[in-house]
Colleague: 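Got a structure for you, questions after.
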Protein chains: 4
Amino acid sequence: MKKTTELAPKTIAKRNDILRFSLEVFAREGFGNTDVQIIADLANVGKGTVYRHFGNKEQLFLATAKFSLEQAAAYVTKKIGGEEQVASVIGQHGATGLLRMIGTACAEYYRRHPQAVEIMIQERAQFRESVFPTHLMHREETRGGIDDIVAGAIKTGEFRKVNIAEVTTAYADLLYGSVVNGCLEGTKSKLVKRVDAALEIFLAGLKK
Amino acid sequence: MKKTTELAPKTIAKRNDILRFSLEVFAREGFGNTDVQIIADLANVGKGTVYRHFGNKEQLFLATAKFSLEQAAAYVTKKIGGEEQVASVIGQHGATGLLRMIGTACAEYYRRHPQAVEIMIQERAQFRESVFPTHLMHREETRGGIDDIVAGAIKTGEFRKVNIAEVTTAYADLLYGSVVNGCLEGTKSKLVKRVDAALEIFLAGLKK
Amino acid sequence: MKKTTELAPKTIAKRNDILRFSLEVFAREGFGNTDVQIIADLANVGKGTVYRHFGNKEQLFLATAKFSLEQAAAYVTKKIGGEEQVASVIGQHGATGLLRMIGTACAEYYRRHPQAVEIMIQERAQFRESVFPTHLMHREETRGGIDDIVAGAIKTGEFRKVNIAEVTTAYADLLYGSVVNGCLEGTKSKLVKRVDAALEIFLAGLKK
Amino acid sequence: MKKTTELAPKTIAKRNDILRFSLEVFAREGFGNTDVQIIADLANVGKGTVYRHFGNKEQLFLATAKFSLEQAAAYVTKKIGGEEQVASVIGQHGATGLLRMIGTACAEYYRRHPQAVEIMIQERAQFRESVFPTHLMHREETRGGIDDIVAGAIKTGEFRKVNIAEVTTAYADLLYGSVVNGCLEGTKSKLVKRVDAALEIFLAGLKK
DNA sequence: CATGAATGAGTTTTCATTCAT
DNA sequence: TATGAATGAAAACTCATTCAT
């Protein structure tokens, strides 16, 4: 009969409710212009409740950013599939195919959830922290990790001998730049194409 | 008898003073956390003066961003040199060499002026406007233009046949991603290397 | 679960507190010279509370003016009495007596509450709206209405045949002029006499 | 060759220029919302010039009010004519005719110059001073004065025996009330009629 | 004298955070 | 626990007034 820090189901539901609206409002208004009251109203809770759950506005935002990131990661993970599928993709299309697929998955997600991009930018602007794609990629590591993919490709001779860390970093930077600029430029609709085109060149540069 | 857009020498000096401190404070504190009074104090002028010059906080920020961009552009332009020099570089190192050089120049500038990166991010966050590298590149166009460089390289057979616009976009995105992430990750010192490494791969992907 | 226009007892009390001091300060300082902070301090609430209740300074003022008017109307209404009493007065003293009585009641009220006059003037000056005496009279209409009184007096032959609307307007204008000028001239003490004297002439002009 | 406080012709012209625009702006915006800069701009002088001429904003306003009043008085005076004409009017139409004529003249002026009404109200609101119609009437005194007119009418038997001061006050109050309410109610066009109707009743009340 | 750039005191308004209920 | 009224610190912005040129 533990009365520990267990999480009551209703509590969790409320928390997620709040985060959902938090995401929406922070993305729309920006951190500075967001009134916590609005979020509370949308989530149909008192402002005090929001504060009890998250402590303060900054922590609410950070939780929101984490929440947003998790959703993106979940999408990509699901899209890419489990280890077997990853192995299968590499078998058929090589590391190139896999990396392209990951990029496309990211692009798809952000095209459909531009709010997530806004959140990333707000996070940077307010907290100059945690590089998003790193996060995303870190998630991906659980299923191979970009580093591993690159390392494998070098071993198989698909890629020329390059510094693995540099490649991973560059890959993430390219993804980040394409998504951020592409998404906010008002060309969301062409986001996937933009990322594809960029990766096509980049990945060609890794070929032997 | 109202004066037109005459430019009093002292006025301009004061204006630039304000912008210099503006840049510093906005970069350090972020747009939302900046108190215009602080800027006025640093610039040794009354708050009213700041407002008379720039109208309001947002316009002050935008003027600051423009100011920052111009400085970056000036640096790169100077670094790359005039048309002759550009031609010379292309002759010796190809378009690849030139694009790498531009990237390096950008990286150098932003490593030494990380404030400029902060401003870019703040601008995005507050105004979701004007993609910086595009701007920067647009400047560069006056001395060749990325498009022209790429087009030339395709003609000479240095680059394979690719969609020029896509290349330019990808190039700018990669630069943007590398600079922003590299700079704010606290690895400023390695910024040039990061950009170089990324461009090395990217440009290799354009080779025939 | 937002509350509708429920009326919390304490809330109303606080609201009226604020209005009372609002009236005092606005009357003493004028709209432009009033600092909302002063009102908040006097009412013993935070400035934010004032703003939560009334939105902004203008609305606070308007609410104050309404409040002031209601008090004046309540005074006059009470003084004149119900329909029976009105009928009785007309029976004994004619419409002349009733109109004189209303004028006197107004004068009495404003002599004792010169703040109400100030508020009227401030309202005019700032918002050029809502003619006060009309308002006041409109209230009075509920118990006969000046128009009705005049109409009745014409029917009974007490008044000569005149344009009813013109009479009502002139009556209100005379009252307004006497109260405003009398009150602010520093001759408050003689306000009742001033109104009486003016009405004596005016009403004589209506006799057959 | 006196270099005394003589008033240079140009200086006077400038002063009047300023007052003219002052009147316009104060009437349109109200005292509190008027920016002296606007007046200076319209008058095509530096702000400093305005201040050198009038000292400060309040004095500028007061000078404006005086200016406005003088214009009104000049109009009425001209309309009524000199002493001979006054005597002639009294001979033909009695004091009643003259007082009605004065009222009409006022009404005409204010209908055509509603700004003057605004100024009166602003003056009251900001300075709670100098009752306008008194001023106007005081001017009129130079040509007979309301008091004299009334006194004369009593002597000739045109008016019944009334307290002269009270009549004058009531007359001015009625005028004030009619003009102010009539003018700002948006019924400017009917202002003359409104005043006429009111005076008709009022003056009838003075008849023997 | 004329000017208008510079100033900073003074106000309005917002909103994160608290806490009594 | 949940709430939302109350708070007041914090900032943006204005504009009367001054004074160096």
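The figures here come from the full heavy-atom set of this structure, side chains too, leaving out hydrogens, waters and symmetry mates. Note that the structure is predicted; figures quoted are calculated from it, not measured.
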Colleague: Sequence neighbours excluded, which residues qualify as salt bridge (charged side-chain N to carboxylate O under 4.0 Å, His left out) partners of D:E29?
Modeller: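 Counting only residues at least two positions away or on another chain, D:E29 forms no salt bridge (charged side-chain N to carboxylate O under 4.0 Å, His left out).
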Colleague: Under 4.0 Å, counting only non-hydrogen atoms across every strand here, what does C:H53 touch: a base, just sugar-phosphate, or nothing?
Modeller: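 If one applies the 4.0 Å heavy-atom cut-off, C:H53 turns out to touch the sugar-phosphate alone, with no base involved.
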Colleague: Hey, could you give me the CD/CE distance between B:E118 and B:M120, rounded to the nearest 0.5 Å?
Modeller: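 Interatomic distance, B:E118 CD to B:M120 CE, rounded to 0.5 Å: 9.5 Å.
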Colleague: Between F:dA6 and C:R52, is there an OP1 or OP2 to side-chain N/O distance shorter than 4.0 Å?
Modeller: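 For F:dA6, OP1/OP2 do have a side-chain N/O of C:R52 under 4.0 Å.
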Colleague: Grab the N/O contacts between the protein and nucleotides 11-14 of chain E below 3.5 Å, and write none if there aren't any.
Modeller:
unit_1	atom_1	unit_2	atom_2	d
E:dT12	OP1	C:T34	O	3.0
E:dT12	OP1	C:K57	NZ	2.7
E:dT12	OP2	C:D35	OD1	3.0
E:dT12	OP2	C:V36	N	3.3
E:dT13	OP2	C:Y51	OH	3.2
E:dT13	OP2	C:K57	N	3.2
E:dT13	O4	C:K47	NZ	3.0

Colleague: Identify, residue by residue, the members of residues 15-24 of chain C with a heavy atom below 4.0 Å from DNA chain E, and return them in order of residue number, or none.
Modeller: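 By residue number: none to list.
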Colleague: Which heavy atom in D:P114 sits nearest to a heavy atom in D:C183, and how many Å separate them?
Modeller: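 Taking every non-hydrogen atom into account, CB-SG, 3.7 Å.
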Colleague: Please state how far atom CZ in D:F61 lies from atom C1' in F:dT17, giving the value in whole angstrom units.
Modeller: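 The distance from CZ of D:F61 to C1' of F:dT17 comes to 20 Å, rounded to the nearest Å.
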Colleague: For the CD1 atom of A:I121 and the CD atom of A:Q126, what is their distance to the nearest 0.5 Å?
Modeller: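 The distance works out to 12.5 Å.
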Colleague: Less than 6.0 Å separating the ring centroids of D:F61 and D:F54?
Modeller: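 Distance test on ring centres: not under 6.0 Å, no.
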Colleague: For A:T34 and A:G30, indicate whether the former's side chain and the latter's backbone hold a donor-acceptor pair under 3.5 Å.
Modeller: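 Indeed, once roles are kept as given, a pair shorter than 3.5 Å links the two residues.
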Colleague: I need the CG-P distance between D:D41 and F:dC15, as an integer number of Å.
Modeller: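 After rounding, the gap between these two atoms is 13 Å.
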Colleague: Give me the stems containing DNA chain F, sorted by first residue, counting only three or more consecutive Watson-Crick or G-U pairs with both distances under 3.5 Å; say none if there aren't any.
Modeller: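 Consecutive-pair runs (3 or more) involving DNA chain F: E:2-21 with F:2-21.
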Colleague: Please output the side-chain donor-acceptor pairs of residues 13-27 of chain B that fall under 3.5 Å, not counting sequence neighbours, one pair per line with the distance.
Modeller:
unit_1	atom_1	unit_2	atom_2	d
B:S22	OG	B:T64	OG1	3.0
B:E24	OE2	B:R28	NH2	3.4

Colleague: Just how far, in rounded Å, is C1' of F:dC13 from CD1 of B:I38?
Modeller: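 One finds 16 Å between C1' of F:dC13 and CD1 of B:I38, rounded.
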Colleague: With rounding to the nearest 0.5 angstrom, report the CG to CD1 distance, B:N33 to B:I38.
Modeller: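 Here the rounded value is 11.5 Å.
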Colleague: When the distance from CG of B:N44 to P of E:dT7 is rounded to whole Å, what number comes out?
Modeller: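 Between P of E:dT7 and CG of B:N44: 8 Å.
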Colleague: Under the ring pair (Phe, Tyr, Trp, His ring centres under 6.0 Å) rule, collect the residues that match up with D:H113, sequence neighbours excluded.
Modeller: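 Scan of D:H113 (ring pair (Phe, Tyr, Trp, His ring centres under 6.0 Å), adjacent residues dropped) gives D:Y109.
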Colleague: Between P on F:dT17 and CZ on D:F54, what's the gap in Å once rounded to a whole number?
Modeller: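 So the two atoms are 14 Å apart, to the nearest Å.
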Colleague: Provide, to the nearest angstrom, the distance between the CD1 atom belonging to B:I39 and the C1' atom belonging to F:dA11.
Modeller: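 About 12 Å, once rounded to whole Å.
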Colleague: Applying ring pair (Phe, Tyr, Trp, His ring centres under 6.0 Å), can you list everything that pairs with A:Y51, at least two apart in sequence or on another chain?
Modeller: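 A:Y51 satisfies ring pair (Phe, Tyr, Trp, His ring centres under 6.0 Å) with no other residue.
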Colleague: Strictly by salt bridge (charged side-chain N to carboxylate O under 4.0 Å, His left out), give each pair with a member in residues 39-62 of chain C just once, sequence neighbours left out.
Modeller: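 Pairs touching residues 39-62 of chain C that pass the test: none.
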